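A short write-up of the structure that comes next.
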Number of protein chains: 2
Amino acid sequence: MDPEVEDIRVAVSTVIFSLRTPRPGDAPAVVLPLVKRTRDPFEGLWALPGGWLGACEGLDAAASRTLGETTGLAPSYLEQLYAFGAVDRSPTRVVSIVYWALLRPEEVSDVENVGWFDAADLPRLAFDHNEIVDYALWRLRNKVGYSRIAHGLLADEFTLAELREVYEAILDRKLDPANFRRQVDTSATLIPTDRFRTGSHRPARLYRYNRDVELADRGPLSRSPETSVR
Amino acid sequence: MDPEVEDIRVAVSTVIFSLRTPRPGDAPAVVLPLVKRTRDPFEGLWALPGGWLGACEGLDAAASRTLGETTGLAPSYLEQLYAFGAVDRSPTRVVSIVYWALLRPEEVSDVENVGWFDAADLPRLAFDHNEIVDYALWRLRNKVGYSRIAHGLLADEFTLAELREVYEAILDRKLDPANFRRQVDTSATLIPTDRFRTGSHRPARLYRYNRDVELADRGPLSRSPETSVR
DNA sequence: GCAAAAGTGTTGTTTTTACACCCATGA
DNA sequence: TCATGGGTGTAAAAACAACACTTTTGC
């Protein structure tokens, strides 16, 4: 009972998702930023951004902080994903509290030592980070079906086609534009503006996200003070 | 940077749900076991069963172990719930990896120092454990809607009325017996036996749970070796 | 026979899905 | 004017919900 507890360290990492459109007109793809490790273990491999949990900071705060420090990014959505604590996941004993985040395109900025990768085509990552990303992707795909997190990947104003492309990129299948339109407007979470996106063919109306509606129902956690992001 | 990391300790706790039928014929209620604290902090208050994470054990293993040590119970379903790590949740800095579990009635046994409480009517608990239970209940109510975890609360053989009562206890509302019956048998997760529960009025057919179907889809986590429970 | 729970049928409503069709613009 | 994506209409199919009704037992 009560073995050498002191030897366990707590880290916090984040899987950050964003969208990238290779060239205008193309379908967007899910991408994520990784940092290159500059020391052992796994020196030279890519890894999730993260760092050690500070003695005087909460988990959510640590996730925001380490994320900012390593990538300079401040995401629009941040949620705890899972705690990974297998004994052999690192040479030393580390329990990682992993978060996942969504980034709007305007929030994307380029930082030294950060590389962006297609989520569907990742290299071999440090530690168990490949499994972690797989799990985060699974969560993202599930959650997009019953919440409004897709908006966390879009700018303030967007067309319905753009929103639909987000869903298509995440779910990896085509959606019927007509039915998609009806579904989002029965959910009453979008506010139509009087502006239009022009350029292609018939101008498309721009919508804004209704901020009265939460991106996702977090249940009792949303009342806890630790969970204040943005 | 890299502050006194060594001062953070990792604990593992579990919210265990089971059902209790006050007297035969009554509707079952969701109950959970708590242990009375025998030392500071919060001496005398009830708390979730748990303990420190061992230096050489995974998170899932620690949850099973601490649960067995404190309550003598071995649940039919065990899943990670959330990591709680607010700075002020304990006098010393503790990050708790919390699990939640389901217990079949035949698995319930009475142990010294363990009390069973109605989930809807809890006393003031130690630490932030009231909030944790609230969150676990929310998760249970949600998950019962899109998975088959309700079976984790029932014995091997059960009638459809008994299964329906589990849903009713968790969701806290009546369900239409006719529609409920149809829903479960279009889902093809129950195997009818040729035995019947007699006693009340017309005998009710006993069903068995189809073990080919997982209680809940855990995504990529179900492939990880750490996640082997039962 | 009667009460009560087991189990079946029926019907109307809502949601989902597929797809035909019109509209507005750039080239 | 034509190609293309924006946007509307419609109808079949599936899922859901409400509730009447029949069956089988204990007393």
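Keep in mind it's a predicted model, so treat the numbers as computed, not measured. We use all heavy atoms of the structure for the numbers below, so side chains are in, but hydrogens, waters and symmetry mates are not. Numbers restart at 1 for each chain; the letters A, B, ... are given by sequence-line order, proteins then strands.
Sequence order on DNA chain C of the closest nucleotides to B/R205 and B/H201 puts B/H201 first from the 5' end. In this structure, A/Q183 and A/T198 both approach DNA chain C, and ranking their closest nucleotides by distance from the 5' end singles out A/Q183. Comparing B/A178 and A/E162, the nucleotide of DNA chain D nearest to each residue sits closer to the 5' end for A/E162.
Using cut-offs of 30° and 60° on the angle between ring planes, the pair B/F117 and B/W46 is perpendicular. Using cut-offs of 30° and 60° on the angle between ring planes, the pair B/Y135 and B/F84 is perpendicular. Under the 30°/60° scheme for interplanar angles, the aromatic rings of A/Y209 and A/H151 are found to lie parallel.
Across the protein-nucleic acid pair, A/N179 atom CG and D/dG7 atom P stand 15 Å apart, rounded to whole Å. In this structure, B/D185 atom CG and D/dC16 atom C1' are separated by 15 Å, rounded to whole Å. Following rounding to the nearest Å, B/R164 (CZ) and C/dA5 (C1') show an atom-to-atom distance of 9 Å. A straight line from CG of B/L206 to P of C/dA6 spans 12 Å, rounded to a whole angstrom. Separating the CG atom of B/D176 from the P atom of C/dA5 is a distance of 15 Å, rounded to the nearest angstrom. Rounded to an integer number of Å, the gap from B/R195 CZ to D/dT25 P is 17 Å. C/dA5 atom P lies 13 Å from atom CG of B/D26, rounded to whole Å. Summarising the geometry, the separation between CG on A/L160 and C1' on D/dG5 is reported as 13 Å, rounded to the nearest angstrom.
Nearest heavy-atom pair across A/A188 and A/N210 is O-ND2, 3.9 Å. The heavy-atom pair separating A/V12 from A/A63 by the smallest distance is CG1-CA, 3.6 Å.
Among the protein residues, B/R182 comes within range of the nucleic acid bases, having at least one heavy atom under 4.0 Å from a base atom. Counting non-hydrogen atoms under 4.0 angstrom, B/A161 reaches the backbone sugars and phosphates but no base.
A donor N or O paired with an acceptor N or O is not found under 3.5 Å between the base of C/dA24 and the side-chain atoms of A/R202.
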